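Comments concern the structure below.
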Amino acid sequence: LRVRVRRGGYRTETLEVSGSAGGLQSLVLRPGATWSLSLTASVLQPVPSARGPLLAETAGSLVLLDPADGSQRWRVSLPGSGPVAGLAALGESALVVRGRHVLRATLAAGAVEWRRELKGEGALGTPSFAKVLGQDVVLVAGVNEVSVLDVATGAVLLEIHDLPAATTQ
């Protein structure tokens, strides 16, 4: 499977996916800087960031690549346990979901600024950024739950558990 996504008119990201688990195998950026990268670890879909493509290995590493040549700017091992299940970037920050933890890391060096364990059970999805009543927040959803965290501190502002399951009629 080959997917092309145009990002802001300056480049196209081409993702090549194969295998039964749908693991990402390579990343090619065109036009502008053209390079490719072969990946051996199981990696989530790359996320564009202010400093270059951001990769999260499901085993627990976060990697920032140089957009000019694809070289590794930095790699950090994320604290916590469980697979990395979600990644998002905004401004100079990356948000990562690992197990039941949500982490905020700087794009400058990958330093973890805060880490918050969420109550509940089961897998969490990809975090997303939002603005609620003028406050920057992180939204994280699970199978029957939603959590809202403060972007700057990681403080839990709202947790809703035991949401009813979706029904079809």
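Since we're looking at a predicted model, the values are computed, not measured.
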Single-linkage hydrophobic cluster, 4.5 Å side-chain cutoff, [X] and [Y] together:
X: Leu90; Y: Val96; value: no
X: Leu103; Y: Val151; value: no
X: Phe129; Y: Val137; value: no
X: Val138; Y: Val156; value: yes
X: Ile160; Y: Leu157; value: yes

Sub-4.5 Å side-chain heavy-atom contact between Leu87 and Gln45: no
Side-chain heavy-atom pair Val97, Thr126 within 4.5 angstrom cut-off: no
Separation between [atom1] of [X] and [atom2] of [Y], rounded to the nearest 0.5 Å:
X: Lys119; Y: Arg100; atom1: NZ; atom2: CZ; answer: 11.5 Å
X: Leu163; Y: Glu145; atom1: CG; atom2: CD; answer: 8.5 Å
X: Arg98; Y: Glu117; atom1: CZ; atom2: CD; answer: 12.5 Å
X: Leu54; Y: Leu107; atom1: CG; atom2: CG; answer: 6.0 Å

Is [X] reaching over with its side chain to a backbone N or O of [Y], donor-acceptor style, under 3.5 angstrom?
X: Trp74; Y: Leu62; answer: no
X: Trp114; Y: Val102; answer: no
X: Arg51; Y: Glu92; answer: no
X: Arg116; Y: Gly154; answer: yes
X: Arg73; Y: Gly52; answer: no

Least distance between heavy atoms, [X] atom then [Y] atom:
X: Ala89; Y: Ser49; value: CB-CB, 3.9 Å
X: Asp150; Y: Ala152; value: OD2-N, 3.1 Å
X: Leu124; Y: Gly99; value: CD1-O, 3.9 Å
X: Ser77; Y: Ser61; value: OG-OG, 4.2 Å
X: Ala56; Y: Val84; value: CB-CG1, 3.8 Å
X: Ala130; Y: Leu139; value: CB-CD1, 3.9 Å

Test applied, side chain to side chain contact (heavy atoms under 4.5 Å, CB included); reference residue, Glu159; option that passes from Leu149, Leu118, Val148, Val146: Leu118
By salt bridge (Lys or Arg N to Asp or Glu O under 4.0 Å) - contacts of Arg75 (at least two apart): Glu57
